[in-house]
Each structure stands twice: as structure tokens, then as C-alpha cells.
Amino acid sequence: MSSIRIKDALAGRPGIGSTVIVEGWVRTRRDSKAGFSFINVNDGSCFDSIQVVAPGELENYGSEILKLTSGCAVACRGTLVESAGRGQKYEIQADSIKVVGWVQDPDTYPIQPKQHSFEFLREVAHLRPRTNTFGAIARVRHVAAQAIHRYFHEQGYFWINTPIITGSDAEGAGDMFRVSTLDLANLPRQDNGDIDYSKDFFGKETFLTVSGQLNVEGYCLALSKVYTFGPTFRAENSNTSRHLAEFWMVEPEVAFANLDDLADLAENFLKYIFAAVLDECPDDMAFFEQRIEATAISRLKSVIETPFVRLDYAEAIEILKRSGVDFEFPAQWGLDLQTEHERYLTEKHFKAPVVVMNYPTEIKAFYMRLSDDSRTVAALDVLAPGIGEIIGGSQREERLDVLERRMDELRLDKEGYDWYLDLRRYGTVPHAGFGLGLERLVNYITGMANIRDVIPYPRVPGRADF
RNA sequence: UCCCCAGUAGCUCAGUUGGUUAGAGCGGGUGACUGUUAAUCACUAGGUCGAUGGUUCGAGUCCGUCCUGGGGAGCCA
């Protein structure tokens with residue numbers, strides 16, 4: 001006989017009176033001297049645990065059942081019945097409970113049926129999925145990721161698996177992690193003393209990708225609507241609740257599209273994901289609303305129903321200047337928006353997601369499309385209340401001469417980007433794309449305060465445990 | 001990387017202007033009791049007070065340095 005998921009058992013499947021087996025981990029045990037015990041078992045298939053009633057007649061009742069502690073793994077066979085107690089609709093009247101795995105030292109088992117600090121749980125990242133919060137996060141993250149794939153699939157996008165190891169510095173954006181098989185204690189040298197990377201595995205310097213964008217553009221200019229979705233790496237020394245050294249990024253890229261088309265896509269895309277999570281994770285979201293962030297559900301609903309505010313960077317600067325707020329860094333045309341500015345716009349002024357478009361050329365990347373007066377580029381950021389920038393994107397510069405001129409101005413090595421320039425030499429078209437950090441998305445959905453808590457094993461400066 | 005805050009039992013915390021033997025709740029163990037709901041009650045075990053140097057008759061408490069964690073800023077997704 002095979003086991004069923006606790007999610008199904010709690011829904012009354014396959015039916016009252018059926019004999020079922022559930023397998024999972026003990027959350028709590030409550031004994032009755034009248035001769036039986038209540039064991040709450042969780043298998044992660046859903047938020048709730050199922051109550052298993054263990055009668056004293058079980059042959060291992062005294063020897064094992066009464067010794068069960070939080071975290072023990074059990075396989076319970078019994079009859080699915082309507083619960084005689086309050087608090088749950090169904091429960092299992094057990095006729096056999098097999099202890100599959102004991103907790104060796106219950107005295108120091110870190111996961112107790114009580115509230116732990118998230119800081120502490122990060123130190124036991126391999127056990128924290130056994131808590132309510134981290135189980136719920138894992139399920140929401142999964143549903144969000146599935147919704148991302150589903151949205152693009154339904155809209156005719158193709159998932160392109162761009163490389164993780166790259167030879168090109170994708171955006172000149174930040175420090176990269178080097179990938180090398182050279183012996184660090186005995187590096188090969190050129191005559192001038194420089195390291196001889198021709199001796200390295202790939203015969204050149206290579207790094208972990210900081211973005212799949214440049215690679216996915218090639219497929220965009222062939223398959224029209226594409227996206228890349230995978231791990232991304234930044235060797236920045238960022239110590240904040242919004243940054244990880246390893247994170248997952250979604251990057252759609254659309255041919256024959258301009259910045260307005262991109263803003264439409266960003267808005268529809270986010271709304272689709274939020275709706276999917278609300279629809280598929282009601283219990284988990286109810287938990288976040290109750291215990292983590294009181295507006296977790298209502299603000300997602302409001303985002304789904306409210307049109308995003310769209311405004312030019314120049315308008316944003318004017319609003320900030322007129323706000324009368326004494327910012328630490330006054331807003332000024334030509335300077336990037338500070339975190340405090342972004343928060344003011346999305347949390348105070350508009351109280352809604354905001355799409356800021358057309359930023360000054362000087363503060364943005366070389367591949368973004370130059371406006372006619374060259375003062376701005378067709379870039380956009382989506383700002384969300386409580387988290388700040390959640391999406392960054394742009395219409396790409398499709399004109400070869402303009403792109404080359406920009407690269408010269410920024411003193412980029414055009415040889416390394418020759419393949420990228422080919423895309424402008426052969427059948428170039430206007431195209432646009434954005435990047436969305438999956439963890440920032442999950443942070444926003446769940447209301448979790450620290451990005452380290454929405455990825456299973458966070459990698460940050462100075463820490464790569466587990 | 002910069003600024004601020006914090007490290008006391010397995011966990012969450014209290015610990016007075018420096019004072020003698022460092023406390024509670026939860027968790028663990030033992031027992032009582034009950035269709036219980038993070039059950040309840042009683043008893044019990046459990047601590048090199050982050051590390052190191054200093055001030056002092058005396059330091060969990062004050063000072064220096066370091067380590068770790070958190071919040072904020074910059075960079076960004």
C-alpha cells in the first residue's frame with residue numbers, strides 16, 4: 001500500500017473510512033493518560049499538519065510512541081475519520097505507527113514548536129524548512145517560479161538556457177566571480193609577469209554570469225519572444241537585506257518592442273504571478289498575513305486591481321523636489337534615484353507600484369537605447385512599496401553606429417562584444433527586455449523582511465555554509 | 001565598504017548607580033491529569049555571560065581590540 005499526501009488526507013481524500021498511510025515529521029505530541037496520544041504530522045505538502053490519534057493498544061505505544069519528539073520521522077497507517085475534536089475536520093485513527101527516524105538528541109534539536117528568530121534559523125538552514133514559515137516560503141517560491149514559466153509559455157515565449165559560465169563581462173555591472181582551474185599557488189605567467197590565462201581551462205578568463213541578457217538577445221532576434229531564468233552571481237560586497245551573491249533572475253526579451261511595450265509586459269507579468277500565488281497558496285498566504293506582514297494578501301490584491309503608475313524620470317525628480325521632504329540626498333536631474341526617493345514615490349506619493357522611465361544616459365548601461373536628444377536612454381525601473389526596485393529593464397540600442405559610439409565613450413572592449421554587435425549588423429530590430437530578481441519577488445509576496453530568508457541556502461559576503 | 005545596534009541555558013529573553021550563590025518562559029527528562037490543539041500542573045537537569053586585553057578590592061555590567069549577527073547607506077535584481 002502506498003502513502004498519500006497529507007494535503008489530500010486533510011481534504012478528505014480518498015474518503016472517510018478509507019485506510020491510508022501518511023509519512024512525515026512529528027510537529028507536536030500530546031498524551032492522554034486515558035490511553036492514547038495525539039501526534040501532529042507534517043509532510044510539507046501543505047501548510048497544515050494532520051492529527052494522528054495513536055491508541056494505547058499499539059504494540060509500540062509505551063516503548064516508542066510516548067517517546068516521540070518534535071522532528072521524528074514516522075509512517076502512520078490508519079483510518080481517515082472525521083475528527084471528534086475541534087480544530088480540524090479530519091484526522092487519522094492509527095492502527096500502526098512506524099518510527100522511521102528518531103531525533104538523536106531531543107534536548108538540542110534546534111527546531112522546536114515555538115517561535116524562533118530568523119537569524120537563528122539561518123544558522124540551521126538545512127532544518128529550517130521544517131518550520132511553518134520556511135515551508136510556506138518554499139511552496140510560494142515554487143508556485144511563483146511555476147507561474148513565471150506558465151505565463152511566458154502561454155504568451156508564446158521560449159525559455160532559453162543561457163550559459164552560467166561566461167567569457168564576457170555582461171554589463172560592466174559589478175564584480176564577477178572568477179571561474180578557473182589554475183593552481184592558485186603556482187600561477188602560469190607571461191613574460192611581462194601577467195597571469196597567462198591561455199593555460200586556463202577555457203584558454204581565456206571566465207566568470208560566473210551576472211546576467212543572461214546579452215546571450216538571450218541573440219535568441220530574441222530569431223525566436224522573437226524569449227526569456228532566460230536561472231541563477232545569477234554578483235561578487236559585490238553588498239551587506240543588505242535586499243542583496244545576495246547568488247540569486248535567481250528572470251529576463252524576458254521581446255523583439256519588435258519598445259519601452260511602452262516592455263512596461264505593459266512587466267505589469268501584466270507581475271499581476272499574473274501575484275494572482276497565481278493567491279489562487280494556489282491560500283493557506284500559506286493566510287499565514288504570512290497573520291504572522292509576517294498584515295497586508296500580505298490585501299496589497300497583492302490591490303496591485304492586481306490597480307493600474308501601475310507610469311512616469312518619466314524627469315517627472316519623478318519634479319515630484320521629489322516639490323514634495324517638501326527633507327531627503328538626505330536631494331533629488332536632482334542627472335543623479336540616480338536614492339532608495340529614500342524610490343520609497344517616497346511608491347510608498348508615500350503614489351502608494352502603488354510605479355514604473356519610472358527614461359533615465360539620464362550617464363547613469364545607465366551602454367546597451368540601452370539612446371533618445372533623440374541623447375540626454376536619456378529608454379530604461380525603466382518598476383518600484384514596489386516595501387521593497388523598492390523589483391524590475392529593471394530597457395529598450396536595447398538596435399542601431400550599430402549608435403551602439404559602437406556608446407561603447408567607445410565608455411571605453412569598452414569592442415572585440416569581446418563583436419558577437420553582440422553582429423546582432424545589429426544582421427537583421428537588427430528594436431527590442432526590449434527586463435530583469436526580475438526572483439528572491440525580491442518572493443520577498444514582496446510574502447512580506448519577509450530579509451532576502452536571505454526566501455532562498456534555501458543564501459550566499460552572501462563571508463558566508464557560504466551548507 | 002561606511003554608519004548605528006546587539007551577543008547571557010538547546011531557543012526567546014530578564015539581570016538595578018559595578019557587589020558575594022546569574023534568573024524566567026519554552027524545549028528536554030520524571031510524574032500527575034485530560035478528545036488534546038504550540039494542552040495544563042508539579043519536580044528536575046542544563047550556563048567558561050562571543051573572544052581577548054585592561055580599569056577595579058571586586059566585572060555579565062565600565063574601557064580598548066577582534067569575531068559574529070542585525071538594521072540602515074552605497075552598488076543593484
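Chain letters run A, B, ... following the sequence lines, proteins first, then strands; residues in each count from 1.
The side chain of Arg242(A) contributes an N or O atom lying less than 4.0 Å from OP1 or OP2 of A73(B). Remark: Gln338(A) is in phosphate contact with G74(B), judged by side-chain N or O atoms under 4.0 Å from OP1 or OP2. For the OP1/OP2 pair of G74(B) and a distance below 4.0 Å, the side-chain nitrogens and oxygens of Ser238(A) include no atom meeting the criterion. OP1 or OP2 of G72(B) lies within a sub-4.0 Å distance of a side-chain N or O belonging to Ser241(A). Within the structure, a side-chain polar atom (N or O) of Arg463(A) is placed less than 4.0 Å from OP1 or OP2 of G69(B). Phosphate proximity of G72(B) to Asn239(A): absent, as no side-chain N or O sits under 4.0 Å from OP1 or OP2. For A39(B), the OP1/OP2 oxygens have a side-chain nitrogen or oxygen of Arg30(A) closer than 4.0 Å.
A straight line from CG of Asp175(A) to C1' of U1(B) spans 12 Å, rounded to a whole angstrom. Atoms CZ (Arg130(A)) and P (G10(B)) sit 20 Å apart, rounded to a whole Å. A straight line from CZ of Phe120(A) to P of G7(B) spans 18 Å, rounded to a whole angstrom. Straight-line distance from the CD1 atom of Ile39(A) to the P atom of A39(B): 13 Å, rounded to whole Å. Between the CG atom of Leu441(A) and the C1' atom of A77(B) there is a distance of 11 Å, rounded to whole Å. Put simply, CD on Glu236(A) is 15 Å from C1' on C2(B), counting in whole angstrom units. To the nearest angstrom, C1' of C75(B) lies 14 Å from CG of Leu244(A). U12(B) atom C1' lies 14 Å from atom CZ of Phe118(A), rounded to whole Å.
Below the 3.5 angstrom threshold, one finds a donor paired with an acceptor across the side chain of Asp107(A) and the base of G27(B). Interface remark: the His116(A) side chain does not form any donor-acceptor pair with the C11(B) base, using a distance-only criterion of under 3.5 Å. Interface remark: the Gln88(A) side chain does form a donor-acceptor pair with the U36(B) base, using a distance-only criterion of under 3.5 Å.
With a 3.5 Å ceiling on both atom-pair distances, the Watson-Crick or G-U wobble partner of G10(B) is C26(B). Base pairing of U61(B): no nucleotide in any strand meets the Watson-Crick or G-U wobble criterion (both distances under 3.5 Å). Base pairing annotation: U20(B) forms no Watson-Crick or G-U wobble pair, as no partner gives both donor-acceptor distances under 3.5 Å. With a cut-off of 3.5 Å on both Watson-Crick or G-U wobble distances, the partner of G69(B) is given as C5(B).
Between Asn40(A) and Leu68(A), the one whose closest nucleotide on RNA chain B sits nearer the 5' end is Leu68(A). Heavy-atom nearest nucleotides on RNA chain B were determined for Lys67(A) and for Asn237(A), and the one closer to the 5' end corresponds to Asn237(A).
Phe308(A) places a side-chain heavy atom less than 4.5 Å from the side chain of Val303(A). Residues Arg234(A) and Phe177(A) form no side-chain contact, since every pair of their non-hydrogen atoms from C-beta on lies 4.5 Å or further apart. Residues Leu278(A) and Ile304(A) are in side-chain contact: their nearest non-hydrogen atoms beyond the backbone lie under 4.5 Å apart. A 4.5 Å side-chain heavy-atom check between Arg343(A) and His349(A) finds every atom pair outside the cut-off.
When the P atom is used for both C66(B) and U1(B), the distance is 12 Å, rounded to whole Å. Across the P atoms, U21(B) and G25(B) are found 23 Å apart, a figure rounded to whole Å. On the C1' atoms, G10(B) is 36 Å away from A73(B), given to the nearest whole Å. G15(B) and C4(B) have their P atoms separated by 24 Å, with the value rounded to a whole Å. One P atom belongs to C26(B), the other to A22(B), and the distance between them is 22 Å to the nearest Å. Comparing the same atom, P, in G74(B) and in U68(B) gives a spacing of 24 Å after rounding to whole Å. Remark: the separation of the C1' atoms in A9(B) and U44(B) is 15 Å, to the nearest Å. Spacing of C1' atoms, G47(B) relative to G27(B), comes out at 16 Å, to the nearest Å.
In this structure, the nucleotide among A77(B), G74(B), G35(B) sitting nearest to the side chain of Thr240(A) is G74(B). In this structure, of A73(B), G70(B), C76(B), it is G70(B) that holds the atom nearest to the side chain of Arg452(A). Picking from G28(B), C76(B), U34(B) the nucleotide with the shortest atom distance to the side chain of Asp31(A) gives U34(B). Picking from U12(B), U34(B), A73(B) the nucleotide with the shortest atom distance to the side chain of Ser32(A) gives U34(B).
Within the nucleic acid shown, Asn450(A) comes within 4.0 Å of sugar-phosphate atoms alone, with no base atom in reach, counting heavy atoms only. Looking at heavy-atom distances under 4.0 Å, Glu328(A) makes no contact with the nucleic acid at all. Within the 4.0 angstrom heavy-atom criterion, no nucleotide atom of any strand lies near Glu340(A). As judged by a 4.0 angstrom heavy-atom cut-off over every strand, Gln112(A) is placed among the base-contacting residues. At the heavy-atom level, Arg128(A) lies nowhere under 4.0 Å from the strands shown. Counting non-hydrogen atoms under 4.0 angstrom, Glu91(A) reaches a base of the nucleic acid. Contact annotation for Ile391(A): backbone-only contact, meaning every heavy-atom pair under 4.0 Å involves sugar-phosphate atoms and none involves a base. Within 4.0 Å of Ile111(A), counting heavy atoms only, lies no atom of the nucleic acid at all.
Residue ring and nucleobase are not stacked for Tyr109(A) and G27(B) under a centre distance beneath 5.5 angstrom and an angle between planes beneath 30°.
Remark: the Ser63(A) side chain and the Asn60(A) side chain contain no N/O donor-acceptor pair separated by less than 3.5 Å. For the 3.5 Å distance criterion, the side chains of Arg13(A) and Tyr90(A) fail to qualify, holding no donor opposite an acceptor.
Note: Phe247(A) and Phe233(A) fail the aromatic proximity criterion, with ring centroids not under 6.0 Å apart.
Once rounded to the nearest 0.5 Å, the distance linking CG of Leu436(A) with CD1 of Ile391(A) reads 4.5 Å.
Applying the ring-ring contact (aromatic ring centres under 6.0 Å, His included) test to residues at least two apart or on different chains, the pairs with a partner in residues 30-81 of chain A are Phe36(A)-Phe38(A), Phe47(A)-Phe287(A).
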